[in-house]
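These notes concern the structure reproduced below.
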Amino acid sequence: MFSATKIREDFPILRRTVHDRPLVYLDNAATTQKPRQVIESLVRYYETNNANIHRGIHTLSVEATEQYEAVRGKVALLIGAPSNDSIVFTRNTTESINLVARSWGDANLSEGDEIVLSLMEHHSNIVPWQLLARRTGARLRYIEVTADGHLDLDMARQLIGPRTKLVSLVHMSNVLGTINPIGEIAGMAHAAGARFLVDAAQSAPHLPIDVTGLGADFLAFSAHKMLGPTGVGVLWAADGLLSEMEPFLGGGEMISLVRQDESTWADLPHKFEAGTPNIADVIGFGAALDYLAGLGMPAVREHERNITAYALDRLGALPGLNIHGPSDVDQRGGAVSFSLEGIHPHDISTILDSRGIAIRAGHHCAQLLMRALDVPATSRASFYIYNTEDEVDALVEAVEAVQRVFNGVSHRTAV
Ligand code: 7TS
């Protein structure tokens with residue numbers, strides 16, 4: 001049985017206080033906390049296994065290599081990937097997307113070609129394409145967002161056409177929580193002969209994912225948003241794509257033969273993992289994946305659906321509070337952005353912090369979306385497996401306190 005209260009016992013950090021209040025951690029879309037199973041796996045690795053991988057014939061190196069490679073299998077299981085060779089470890093989602101922009105984009109785009117993005121993308125799914133566009137002469141087109149926080153699918157149908165070489169979209173918005181209809185858009189992209197990249201930074205941690213069912217050609221996500229350590233990302237690519245692509249970075253580990261003027265490349269996926277990788281943190285990510293597998297991704301999603309419904313209900317009842325994004329919990333995840341009339345998100349976040357509550361305030365690396373919403377910034381609470389309804393209550397009480405402070409101030413100012 002899924003129990004957030006029981007799960008909390010595995011997270012040492014959740015026992016700490018902030019400003020003499022119990023920590024209420026609601027910034028999970030930025031990064032999640034780590035269970036002791038992940039922390040212990042890092043310590044165990046350094047205390048008993050530490051060695052470089054894929055090189056030594058000695059026992060430590062063989063063991064470290066086996067542990068590192070086993071995590072590829074766990075990632076494949078998580079996302080339903082048919083083969084471990086289609087999974088590349090990177091530093092984060094950002095690096096995974098940059099890898100595609102460089103290694104696939106440089107070879108496949110030229111002047112007049114179009115890349116279709118949306119206005120709800122994180123900067124890491126915008127800027128690499130701007131750089132690619134600058135290098136190749138390709139053009140960026142943006143699908144707009146409707147007033148209720150969905151992609152404008154009519155506009156998507158108009159934009160995706162014969163000039164489109166790539167469609168690259170977020171699966172679940174880090175600001176609005178919106179779960180985008182990836183299968184439908186994959187159909188549009190493929191009918192136009194384009195490739196389709198899915199930014200799964202917010203979805204892989206929260207939803208069951210099956211890459212073959214999604215219809216994606218590339219999928220990118222980060223370990224640190226799903227209980228794993230920082231410094232590990234994943235790029236998955238559909239069959240045949242990685243073998244056609246040139247390496248992203250050159251160096252040790254990624255070669256087969258090195259000659260004076262040129263070299264040949266190692267087999268997949270090693271061709272894309274130049275240099276000593278982040279061995280310990282990949283192994284720590286394995287412990288995170290075991291933890292999530294123990295809960296089951298459908299149960300993770302169900303908990304998040306319930307707590308999001310509760311939060312939407314309670315926050316939505318506050319006068320002067322506007323929630324951005326879909327109201328139907330079946331069409332959204334647990335990133336809940338809101339604005340309070342006349343109060344800057346940074347002030348909200350500071351007052352919440354004084355009560356031990358961590359939320360994020362700002363543009364959330366989504367400046368195009370902020371402009372589309374016509375706000376400078378939002379406040380965002382985002383949930384994960386260890387969050388409880390009591391914590392949502394604490395958030396609501398704190399927001400009410402913010403309103404009291406500011407209404408008092410504006411009242412005094414008026415007087
Ligand atoms: N894509 C989405 C949808 C994201 O939410 C993020 C990080 C990234 C890409 C980049 O991930 P990284 O691991 O490469 O940094 N989002 C957030 C956030 O919402 N608050 O802090 C980081």
Side-chain angles (χ1 to χ4, degrees), residues 25-34 75 88-102 117-131 142-143 145 149 151 167-180 182 185 196-207 209 214 216 218-236 248 278 281-282 284-285 288 304 324-325 332-338 345-346 349 358-370 372-373 375 377-384:
Y25 186 78
L26 302 177
D27 195 16
N28 294 286
T31 199
T32 62
Q33 299 303 343
K34 321 304 172 196
V75 173
V88 176
F89 288 122
T90 61
R91 281 191 306 142
N92 45 39
T93 306
T94 304
E95 187 173 281
S96 298
I97 296 174
N98 277 276
L99 189 163
V100 177
R102 279 279 177 185
L117 310 172
S118 85
L119 291 184
M120 68 164 82
E121 301 309 313
H122 188 279
H123 296 162
S124 72
N125 194 28
I126 297 172
V127 182
W129 308 119
Q130 291 176 338
L131 295 171
Y142 289 94
I143 303 168
V145 177
L151 290 181
V167 179
S168 189
L169 293 178
V170 69
H171 190 178
M172 186 197 285
S173 163
N174 66 321
V175 177
L176 303 169
T178 317
I179 300 171
N180 288 320
I182 290 302
I185 295 166
F196 184 35
L197 185 149
V198 175
D199 172 354
Q202 296 294 341
S203 58
H206 303 276
L207 300 178
I209 286 199
L214 269 184
F218 298 104
L219 187 92
F221 56 98
S222 299
H224 72 93
K225 293 187 198 287
M226 48 197 309
L227 309 180
T230 48
V232 177
V234 170
L235 173 68
W236 169 85
F248 174 46
N278 191 349
D281 292 316
V282 166
F285 182 33
E304 192 153 305
H324 305 284
R332 63 167 300 142
V336 180
S337 280
F338 59 90
H346 286 162
S349 179
I359 63 160
R360 182 167 175 194
H363 55 60
H364 314 290
C365 302
Q367 290 185 4
L368 300 188
L369 182 60
M370 294 298 116
L373 296 173
V375 293
T378 72
S379 303
R380 181 190 67 188
S382 53
F383 307 109
Y384 209 31

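Every number for a ligand or one of its atoms is a count from 1 in the order of the listing. Computed over heavy atoms, backbone and side chain alike; hydrogens, waters and symmetry mates excluded.
Residue S222 has at least one heavy-atom neighbour below 4.0 Å for each of these atoms of ligand 1: 11 (O), 12 (P), 13 (O), 14 (O). Those atoms of ligand 1 with a heavy atom of V170 less than 4.0 angstrom away are 3 (C).
Residue nearest to atom 19 (O) of ligand 1, selected from R380, R360, M120: R380 (by heavy-atom distance). For atom 5 (O) of ligand 1, the nearest non-hydrogen atom from the set Q202, R91, H123 belongs to Q202. Among M172, H363, K225, H171, the residue whose heavy atom lies nearest to atom 16 (N) of ligand 1 is K225. Across H122, E95, E121, heavy-atom proximity to atom 8 (C) of ligand 1 is greatest for H122.
Taking 4.5 Å as the limit, every side-chain heavy atom of Y25 sits out of range of all side-chain heavy atoms of T32. Contact annotation: the side chain of M370 approaches that of H364 to within less than 4.5 Å [non-hydrogen atoms, C-beta and beyond]. In this structure, L219 and H171 have side chains that are not in contact, with every pair of non-hydrogen atoms separated by 4.5 Å or more. The shortest side-chain heavy-atom distance between W129 and E121 does not fall under the 4.5 Å cut-off.
When non-hydrogen atoms are compared, ligand 1 lies under 4.0 Å from the backbone of T94 as well as from its side chain. When non-hydrogen atoms are compared, ligand 1 lies under 4.0 Å from the backbone of A30 as well as from its side chain.
Note on ligand 1: N125 sits outside its first shell, no heavy atom being nearer than 4.0 Å.
For the pairing with L176, the side chain to side chain contact (heavy atoms under 4.5 Å, CB included) check across V170, V145, T378 returns one residue only, V145.
Considering CG of L368 and CG of L373, their distance stands at 11.0 Å, rounded to 0.5 Å.
Protein heavy atom at the shortest distance from atom 1 (N) of ligand 1 is D199 OD2, 2.6 Å. For atom 9 (C) of ligand 1, the nearest non-hydrogen atom of the protein is S124 OG, 3.1 Å.
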Taking it one step at a time, do H224 and F285 satisfy ring-ring contact (aromatic ring centres under 6.0 Å, His included)?
-> CA-CA 8 Å; H224 72 93; F285 182 33; over 10 Å; no
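In this structure, H123 has its ring center closer than 6.0 angstrom to the ring center of H363.
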